[in-house]
Amino acid sequence: MKIVYKDGTVAECPEDEELQVIRHTAAHIMAQAVKRLYPQADFGYGPATEKGFYYDIDLGEEKISDEDLPLIEAEMRKIVKENLPLKGYILPRPEAIALMEERGEKYKVEHIADLAEDVEISFFQQGEYIDMCTGPHLRYTKALKAFKLMSISGAYWKNDNKNKMLTRINGTAFRTQAELDEYLKMIEEAEKRDHRRIGREMDLFMLRDEAPGFPFFLPKGMELYNALVAYWHKIHRAAGYQEIKTPLIMCRNLWETSGHWDHYKDNMYSTEIDDEPYCVKPMNCPGSVLVYASKPHSYRELPIRMGELGLVHRHEMRGALHGLFRVRAFTQDDAHIFMRPDQIADEIEGVVNLIDEVYSTFGFEYFIELSTRPEDSMGSDEDWEAATNGLRTALERMGKEYTVNEGDGAFYGPKIDFHLRDCLGRTWQCGTIQLDFQMPLNFNLEYVDADGSRKRPIMIHRVCFGSIERFIGILTEHFAGRFPAWLAPVQVKVLPVSEKSMDYARSLYQQLIDAGVRVEIDERSETIGYKIREARQVDRVPFMLIIGEKEAANNTVTVRELATDESNTMSMVAFQADLIAKATK
């Protein structure tokens, strides 16, 4: 595939850059179509993205909606058919400003003013449309083969809520129509699996305008939540963790010592108690540090593994909130490990194995990133190098493949991030391991070594789920609400066919309640077909017990399993044995 650069030269496009170039060109063609349809349009930014492209546009008093997208798409297809060449060129700064002023592009003029004096200012033109851009692009508009406009949203100019809200048109583009069709099919499936919709249907959780970003878990949602927590407790007891609980609110001095106040205060909620400043915790780590520091420790005690299901609060912009995926209050499945330097590799290996066990349990594949020192960091070069090498050594010793994500570590240390892949191929960053030399230094943590000297421990911060709330959102979409029996909010639903089998159905219901099964009984005077459809399609219950006169007479149950949609008649003893086997985790 040939592409054109900003200086007008033409070359073969590197394979790994093809989608970027295609989508960037699609953004320009969309902008040209918008300009033809809405001559007053003034353009902000229009980049390619990981999933497509967008353009932020000031349409003046004009309001457009998703219903207008087919009209814009149709104009884009005309431009593609015209097969206009894309030509790149560079202008001196005064000429660039003059050109943009002449064309009424005030946002581009402002953008030029933000650029350093030595930055080249380049443009691309196709037909009557000119856009300030660094490129590269496809050589002709006809080379754009497959595209789709997806949605309309809003975006502040320069992502600053003090600036004007612009109209953002979102789209995507691919090399071929087949690739686009596959992507659109995946999007359609993702919409069916949207955890917000399934959460409403299954009565798992709710989101209210009275508490934006603060989810409410409903009774069935709490059954799911508690099943996940019970699993967390089980695997952590087996891995030698001790559980603690630390306060939700602590004095601001603590957060200044930890470094969070300097690096994270814009995302923290603050309050005042007894005329002193306090903070609602955005992280659990300083609380764990105080627990460690509460008494002396010997080298023989290390490593100390402290687990905490800690509720944390972080201020997120309201426009960024999204179901359970982006909230302002969530429970981190945190743990902090205090260890000697010679224990680093073994402890990291133990955490990697634990996270691997968790993701395997839910059927997730994953890949690993090693994130290195960010610009906004604390600590010495030596400590950062030692911490980064410690993580790298542990991964290589285990034979784990990983990529390096430069500059994306936490402010106090490098980290290993685990990106899981769900059944639709989407990736989610959940588990993380962060190696920290700084917080033990800031809080002057110590242990007594074998020779009687005082040494400073090293600290690991780690999570498996990431947060319980977000992980529930991911699981809901991964399983489309059809949770495995051990996790399902309702494991069994007893469905009496008529009043004649009601007494027997009630006795089975009570028998399951006594056995600790999460069970419901549907006593409504609806048809059995209706009850089954609702249990399958809405409640997504793993096991349905259909109880008619025949089952009551023979002291049996007819079991319909959600996973197979098959029905089998058996004794209650046999059913409970099967249920226990499938619902034990």
Side-chain angles (χ1 to χ4, degrees), residues 1-31 45-55 76 80 85-90 119-120 122-124 126 131-150 169-187 190 364-375 388 392 395-396 399-409 414-430:
M1 185 176 85
K2 300 279 188 183
I3 57 175
V4 60
Y5 289 87
K6 62 184 178 181
D7 60 0
T9 58
V10 174
E12 195 69 31
C13 182
E15 188 175 348
D16 61 348
E17 296 178 16
E18 285 184 358
L19 268 183
Q20 173 87 4
V21 173
I22 289 168
R23 289 168 176 172
H24 201 172
T25 304
H28 280 226
I29 293 174
M30 180 183 73
Y45 296 128
T49 66
E50 183 182 352
K51 295 181 180 178
F53 61 90
Y54 68 81
Y55 223 123
M76 290 176 68
V80 168
L86 283 92
K87 301 174 182 178
Y89 56 92
I90 299 166
V119 172
E120 283 186 334
S122 55
F123 297 86
F124 279 82
Q126 74 245 20
D131 202 344
M132 190 175 90
C133 178
T134 58
H137 285 283
L138 301 173
R139 293 183 65 198
Y140 297 93
T141 58
K142 200 171 184 178
L144 182 62
K145 303 294 185 183
F147 60 90
K148 175 75 174 173
L149 299 187
M150 305 296 291
I169 304 179
N170 303 280
T172 193
F174 286 86
R175 298 176 184 87
T176 66
Q177 187 64 41
E179 288 180 358
L180 174 60
D181 290 343
E182 184 179 348
Y183 175 76
L184 294 176
K185 185 177 179 182
M186 187 271 287
I187 292 295
F364 290 125
E365 298 176 350
Y366 66 87
F367 63 92
I368 297 173
E369 280 186 348
L370 173 61
S371 298
T372 60
R373 186 176 189 173
E375 290 184 11
T388 304
R392 182 179 286 112
L395 288 174
E396 291 175 355
K400 293 288 186 181
E401 293 184 4
Y402 65 92
T403 58
V404 177
N405 189 4
E406 295 289 355
D408 199 44
K415 60 180 181 171
I416 297 170
D417 286 329
F418 295 78
H419 298 261
L420 61 84
R421 185 175 286 107
D422 69 11
C423 63
L424 295 179
R426 299 173 300 179
T427 57
W428 310 87
Q429 195 274 303
C430 291

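It should be emphasised that the depicted structure is a prediction, and the values quoted were computed from it without experimental measurement. Sequence positions, counted from 1, serve as the residue numbers for this chain.
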A.B. asks: Of the non-hydrogen atoms in Ala173 and Ala26, which two are nearest, and what is the gap between them?
C.D. replies: CB-CB, 4.1 Å
A.B. asks: Which pair of heavy atoms, one from Val4 and one from Arg139, lies closest together, and at what distance?
C.D. replies: N-CG, 4.2 Å
A.B. asks: If we ignore hydrogens and angles and just use 3.5 Å, is the side chain of Thr25 paired with the main-chain N or O of Leu138 as donor and acceptor?
C.D. replies: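 Between the backbone of Leu138 and the side chain of Thr25 there is a qualifying donor-acceptor contact (under 3.5 Å).
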A.B. asks: Write down the atom of Val10, the atom of Lys2, and the distance for their closest heavy-atom approach.
C.D. replies: CG1-CB, 4.1 Å
A.B. asks: For the atom pair CG (Asn405) and OG1 (Thr372), what is the distance rounded to the nearest 0.5 Å?
C.D. replies: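 Between atom CG of Asn405 and atom OG1 of Thr372 there are 7.0 Å.
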A.B. asks: Has Thr427 got a side-chain atom pairing as donor or acceptor with Leu420's backbone, closer than 3.5 angstrom?
C.D. replies: no
A.B. asks: Return yes when atom CD of Glu396 has more than 12 non-hydrogen atoms of other residues, nucleotides or ligands closer than 6.0 Å, and no otherwise.
C.D. replies: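 Yes - once you tally the heavy atoms of other residues, nucleotides and ligands closer than 6.0 Å, there are more than 12.
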A.B. asks: Could you pull out the closest heavy-atom pair between Phe124 and Thr134, with the gap in Å?
C.D. replies: CE1-C, 3.9 Å
A.B. asks: Hey, could you give me the CD/CD distance between Gln20 and Glu50, rounded to the nearest 0.5 Å?
C.D. replies: 10.5 Å
A.B. asks: Can you check whether Tyr54 reaches Met30 side chain to side chain, under 4.5 Å on heavy atoms?
C.D. replies: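 A side-chain contact is absent here, since even the closest heavy-atom pair is not under 4.5 Å.
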A.B. asks: Given 3.5 Å as the limit, does a donor-acceptor pair link the side chain of Ser371 with the main chain of Pro414, or not?
C.D. replies: no
A.B. asks: What heavy-atom pair brings Leu144 and Val80 nearest, and what distance separates the two atoms?
C.D. replies: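 For Leu144 and Val80, the tightest heavy-atom pair comes out as O-CG1, 3.7 Å.
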A.B. asks: Evaluate whether atom CD of Glu182 has more than 12 neighbouring non-hydrogen atoms of other residues, nucleotides or ligands under 6.0 angstrom away.
C.D. replies: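 It does not: Glu182 CD has 12 such atoms or fewer within range.
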A.B. asks: If I take atom OG1 from residue Thr388 and atom NZ from residue Lys415, how far apart are they, to the nearest 0.5 angstrom?
C.D. replies: 12.5 Å
A.B. asks: Less than 4.5 Å apart, side chain to side chain, heavy atoms only: is that true for Phe53 and His24?
C.D. replies: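 No, every pair of side-chain atoms sits at 4.5 Å or beyond.
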A.B. asks: Any non-hydrogen side-chain atom of Phe367 less than 4.5 Å from a side-chain atom of Arg421?
C.D. replies: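 Answer yes - side chains close enough.
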A.B. asks: If you compare all heavy atoms of Ala48 against all heavy atoms of Arg23, which two are closest, and at what distance to 0.1 Å?
C.D. replies: CB-CB, 3.8 Å
A.B. asks: Looking at side-chain heavy atoms only, is the closest gap between Lys148 and Asp181 below 4.5 Å?
C.D. replies: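 Not touching, per the 4.5 Å side-chain cut-off.
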A.B. asks: Rounded to the nearest 0.5 Å, how far does CD1 of Ile3 lie from CD of Glu17?
C.D. replies: 6.5 Å
A.B. asks: I'd like to check Arg175 versus Ile22 (side-chain heavy atoms, cut-off strictly below 4.5 Å). Are they in contact?
C.D. replies: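 With C-beta onward as the side chain, the pair touches.
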A.B. asks: With a 4.5 Å limit on heavy-atom distance, are the side chains of Lys400 and Ile416 in contact?
C.D. replies: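 Lys400 vs Ile416: side chains apart.
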A.B. asks: Working to the nearest 0.5 Å, report the span between CZ of Phe418 and CD of Gln429.
C.D. replies: 10.0 Å
A.B. asks: Count the heavy atoms belonging to other residues, nucleotides or ligands that lie under 6.0 Å from CD of Glu15, then report whether that count exceeds 12.
C.D. replies: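 For Glu15, atom CD is not crowded (no more than 12 foreign heavy atoms under 6.0 Å).
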A.B. asks: Less than 4.5 Å apart, any side-chain heavy atom of Thr172 and any of Phe147?
C.D. replies: no
A.B. asks: Just say parallel, tilted or perpendicular for the rings of His28 and Tyr55, cut-offs at 30° and 60°.
C.D. replies: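 The rings of His28 and Tyr55 sit tilted, inter-plane angle from 30° to 60°.
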A.B. asks: Drop me the distance from Asp422's CG to Phe364's CZ, to the nearest 0.5 angstrom.
C.D. replies: 6.5 Å
A.B. asks: Show the numbers, then the answer: is there a side-chain contact (heavy atoms from CB on, under 4.5 Å) between Leu149 and Met76?
C.D. replies: CA-CA 10 Å; Leu149 299 187; Met76 290 176 68; 3.9 Å; yes
A.B. asks: Check whether any side-chain heavy atom of Pro85 sits under 4.5 Å from a side-chain heavy atom of Lys87, and report yes or no.
C.D. replies: yes
